[in-house]
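Indexing begins at 1, ligand by ligand and atom by atom, following the structure's order. Quick caveat, the model's predicted, so the values are computed rather than measured.
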Amino acid sequence: MTKLRAKVVPSAGTKTVHAVCTHDCPDSCGVLVTVDTLTGRATKVQGDPSHPVTRGFLCGKVARYLDRVYSPERLLYPMRRKAGVPKGPLSKGREAEAFERISWDTALEIVAARLKETATEFGPESVLPYSYAGTIGQLGFGSMDRRFFYRMGASRLDRTICSTAGGEALHRVYGVKLGTVPQDFAHAGVIIAWGANVHGNNIHLWPFIEEARRKGAWFVVIDPYRTRTAALADEHLAIRPGTDVLLALAIMHVLFRDGDEDRTYLEECTFGWEELREHALKPEHSPVRAAEVTGIAAETIERLARAYGSAGRDGRGAAAIRLNYGVQRSENGGTAARAVAMLPLITGSWKQRGGGLQLSTSGAFPFNSARLQLPGMMQKSALKRVSRVVNMNQLGAALTELGQGPAVPASSDGPPVKALFVYNCNAAAVAPDSERVLTGLRREDLFTVVHEQFFTDTTDYADVVLPATTFLEHKDVMGAYGHLFAQISQPAIAPLGEARSNVWLFGELGRRMFGDVEFEDGEEELIAQALETDHPFFAGVTKERLEREGHVPLSLPKDERGESLPFSTREWFRTASGRGELTPVPEWVAPRESRSEAEGGGEYPLEFLPRKADNYMNSTFANLPGHRQMERKTAGVLEMHPLDATVRGVATGDSVSVWNGRGRITLTARLGETVPAGVVAARLDWQKLSQDGANVNALTSERLTDIGGGATFYSTLVEVAKVERMAAD
Ligand SMILES: Nc1nc2c(c(=O)[nH]1)N[C@H]1C(S)=C(S)[C@@H](COP(=O)(O)OP(=O)(O)OC[C@H]3O[C@@H](n4cnc5c(=O)[nH]c(N)nc54)[C@H](O)[C@@H]3O)O[C@H]1N2
Ligand SMILES: Nc1nc2c(c(=O)[nH]1)N[C@H]1C(S)=C(S)[C@@H](COP(=O)(O)OP(=O)(O)OC[C@H]3O[C@@H](n4cnc5c(=O)[nH]c(N)nc54)[C@H](O)[C@@H]3O)O[C@H]1N2
Ligand code: SF4
Ligand SMILES: [Mo]
C-alpha cells in the first residue's frame, strides 16, 4: 500500500478526478485519478488522503487498477456467438474467436426481440436477471436494471449469495445494519476479529486496530484459517468451522456466571435477557463442553470471556468485535451471527467509544432505493402481479429443474428459465454447485446475455456479450458497509471502446421495449432520486455537496459529549420492541454437512474452506497477470494439515484430487499449519484458470442458511487423495 499524506495537486497537463472504488468491499475508498488532459488517459490512481477512512492508500488490488482498465483483454464491443459454436469453456485470450462483433444497435435489437419472444411464449417469469456486486454503486448495483425487469414481469432474483444470513441476524437483534464506527476501533482495549480477515478483506480498518494496539489493546482472531490477519494477531483461535454459536454461548455462560453483565443496560435497552441468561448458564454451554466441539481449549474460552467481560472497566478500553461475513457462510450462520451480535448487548459495551460490534454499516445510508428501482412497475407488466422469486444460490436448480414439477427448493414454481441476463456477476465461477450451474448454462435453448468488462467463465456460455464500463468510466453515488461517508464517484475517463454502463444499457432496452418515461432518467436524475429522503442521517447530504466535496459524513445522532455511539441508548434500535432482541435464544445446531455431525469419519471427513483470495475480489482480477503473480503462492493450492496429509500419503507439491458427491477438482497440496487438522482450504479462482477447468464451487452446495436464505460455502465436506501418476515406462 502506498501511503500519502499531502494534499494532491495536479501537475500541468493533468487533472485529478474524485472517484470511488465500487468493488464489493466494506472500505468504499475515495480514489483520486490523475488524468492526462491531452490524451484523456488515466495515468495514476491513489487513495484520497482527505477521506478519513481511506487515509491516502489503496489495497494492493486496486492500486494496480489501471492494469484492469487498460488491459488488452478488456471486452470493448458487443458480440454474438458465431453460428455452430457450442456453449462451454473457451481458452483464455481466445474467447473472441467464438464470437462476432456486432453494433450496439444490432445487439439491443437481438436482445429486445428475444426477450419479448420468450416472455410472450413462456410468460415473462421465464426471464431471469442474475446480478450481484460487480459494482456496489447505488445506480450500478440496482436502479435502471430493476425498473427494466420489473416492467417486464421477469422473475425476481433474491440476492443472497453474500450477506443475507448475517444481515437478517442484525435485523432480528438490532432492527438495522449498523455498528461501531471504524475510526472508533482505535479506542478499543480488546478487539476480536470474528470470522473477519481484516488485513485481507477490509484493510482500511487495520490502521485503527494498530493504533489501539499501540495503546495496549489485545487483538484476537477467531478463524479456522490462519489468515494474514491471524498471523499478525496477539492470539489466533482456530475454531472448527460452523461452531461459533457454541463459542458465543460459552462466552455468555462465563459473562453471566461471573456477573460481568451490565444489568442496567440490559434492563433499559434489551428484551429477553433473563431467558438468555438461563439458556447460557446451562451446563451444555459451559466452556468445557464448548471446547469439545469448537476445538478451542476451555481455559482459552475462559480467558477470552473474562477479557471481553472486564474490558471497558478500571481505565481499560472497551471491547469491540469486528464480525465479518465468514461466520454466516455456514448452515447455522444466521444463528451464529445473531449469537455473536448479542455479546455487546450483554456487557453494554456499546456505551463506550471503542466498544460494540461491526458487521455492516450499510443500513445507516437511507438511500431511496424504492424510488430508484420502482418495484411498482411490476403492475404494468404482462403479469399484472408481483413475479416469482428465485434464490440466486440455487441457480443450478433454477436452470435445470424449474418448470419441471413443483420440487424446486426455495423457489415458487412456474415456467422454466428460458432467458438469463447476467450482469455485475461472474455466475459460472461464484455460484455454488457449479457443475449443476454449468449444466444449466450449457443448454442451447437458454438465451444468455452477459454484460461484462472481460471475457469470463460466464461469457463462455453467452449468446450475446455486451461491454461494460469500469468505475473510472461512469458516474455513481455510493454508501459503504464499513464506514459512514456518502460519496459521489465522478467519471475520470471516457468509456473505452464501446463499453457502456449498466444504467445506459437498461435505459436503452427499456426505451426500446416499453417506452415508459421511467426509462428516460440518466445518471444525474437517478443520483438525485437516490438522495430523495428526509431521513435525519442524510441531513446535509445533498447532491451539490457531494459533487463539491466528494465525501460527506452521515449525520448520526450525537450524545451530550458530541459522540455518535450506535446502540448506546434506546433511540438507536429499530426492532419492533425498540430494544435489542435476545430472544429467541440462539440454539446450537451443528451444520448437517460438518464434522460435528459426521464425527468418526463419514464418507467425506474433511471440512473444506473454499476461500476468497487476498489479491482478488471474489473472481474479479484473477485474470490479470500482475494480480495472479501476487496470488501465486496459493493459486491452485490445497492447504492441508500434516496429520491429514500423512495418513493419505500426501506431501507438499503432490497433485491431489478433492471431491464429494457434487464434484471433483484437482489441486496441488501444500502442508502446513494454516489450517487445523480436519480442515482443508483452497482459493476461489476462475474455472478456466483452474486445473481441469473446475474451481472450488464444484464442491459447494445449494443448501441455504438457517435464516436469510444465504449461501453455505463454508459448510462443505470433502475427501482428498493423491493423484497417482501413470507410470511413463
Ligand atoms: N481481498 C479481498 N477482499 C474482499 C473480498 C475478496 O474476495 N478479496 N471479497 C469481498 C466480499 S464479497 C465480502 S462479502 C467481504 C467480506 O469478507 P469476509 O466476511 O471477511 O469473508 P470471508 O473471507 O469469506 O470470511 C472471513 C473469514 O471467516 C473465516 N471463516 C470461515 N468459516 C468460519 C467459521 O465457521 N467460523 C469463523 N469464526 N470463521 C470462519 C474464513 O476462514 C475467513 O478468513 O470481503 C470483501 N473484500
Ligand atoms: N467458493 C466461494 N464462492 C463465493 C465466495 C467465496 O468466498 N467462496 N464469495 C461469495 C460472495 S461473498 C460474493 S459477494 C460473490 C461475488 O460474486 P460476483 O458478484 O459475481 O463477484 P465477482 O467475482 O467479483 O464478479 C463480478 C463481475 O462483475 C463485473 N463487473 C464489474 N463492474 C461491472 C459493471 O459496472 N457492470 C457490469 N455489467 N459488470 C461489472 C466484473 O468484471 C466481474 O466479472 O461470490 C460468492 N461466491
Ligand atoms: S477494494 Fe476495498 S480496499 Fe481496495 S480500493 Fe476498493 S474499497 Fe479500497
Ligand atoms: Mo460478498
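Contacts with ligand 2 closer than 4.0 Å are made by backbone heavy atoms (N, CA, C, O) of T469 only, the side chain lying farther away. By the criterion of a heavy-atom distance under 4.0 Å, the side chain of Y481, and not its backbone, is placed next to ligand 1.
In this structure, atom 24 (O) of ligand 2 lies nearest to the protein heavy atom T620 OG1, 2.5 Å. Here the heavy atom of the protein found nearest to atom 39 (N) of ligand 2 is N424 N, 3.3 Å. The nearest protein atom to atom 6 (C) of ligand 2, hydrogens excluded, is given as P610 O, 3.8 Å; this is a heavy-atom distance. F713 CZ, 3.4 Å is the protein heavy atom nearest to atom 4 (C) of ligand 2. Of the protein's non-hydrogen atoms, the one nearest atom 47 (N) of ligand 2 is V430 O, 3.0 Å. Given atom 20 (O) of ligand 2, the protein heavy atom at minimum distance is N426 N, 2.9 Å. When hydrogens are left out, the protein atom nearest atom 12 (S) of ligand 2 is K612 NZ, 2.9 Å; that is the closest non-hydrogen contact. Protein heavy atom closest to atom 21 (O) of ligand 2, with residue, atom name and distance, is N618 CB, 3.9 Å.
Under the side chain to side chain donor-acceptor pair (under 3.5 Å) criterion, D476 pairs with no residue at all, not counting sequence neighbours. Scanning for salt bridge (charged side-chain N to carboxylate O under 4.0 Å, His left out) contacts around D158 gives an empty result, with sequence neighbours left out.
Formation of a donor-acceptor pair under 3.5 Å by the N332 side chain with backbone atoms of A590 is not found in this model.
Annotation: I239 places no N or O atom under 3.5 Å from an N or O atom of ligand 1; distance criterion only. The distance criterion of under 3.5 Å between nitrogen or oxygen atoms is not met by R611 with respect to ligand 2. Polar contact with ligand 1: present for N201 (N/O pair, distance under 3.5 Å).
Annotation for ligand 2: atoms under 4.0 Å from non-hydrogen atoms of R68 are 41 (C), 42 (O). Annotation for ligand 2: atoms under 4.0 Å from non-hydrogen atoms of N697 are 1 (N), 2 (C), 3 (N). Atoms of ligand 2 lying under 4.0 Å from at least one heavy atom of D24, given by number and element, are 14 (S). Each of the following atoms of ligand 2 lies closer than 4.0 Å to a heavy atom of H474: 35 (O). Atoms of ligand 2 lying under 4.0 Å from any heavy atom of V696, numbered from 1 in the order shown and given with element: 1 (N).
Summarising the contacts of atom 42 (O) of ligand 2 with E473, E452, M617, R683, the nearest heavy atom is found in E452. For the residues H483, M478, H51, H204, the heavy atom positioned nearest atom 3 (S) of ligand 3 is part of H204.
Between the side chains of Y225 and E639, at least one donor N or O lies within less than 3.5 Å of an accepting N or O.
The side-chain hydrogen bond (donor to acceptor under 3.5 Å, both in side chains) pairs that include a residue from residues 494-505 are R101-E498, N424-N502, H451-N502, where partners are two or more places apart or lie in different chains.
Protein N/O/S atoms closer than 2.8 Å to atom 6 (Fe) of ligand 3, listed by chain and residue number, are C21 SG.
Heavy atoms of A133 approach ligand 2 to within less than 4.0 angstrom.
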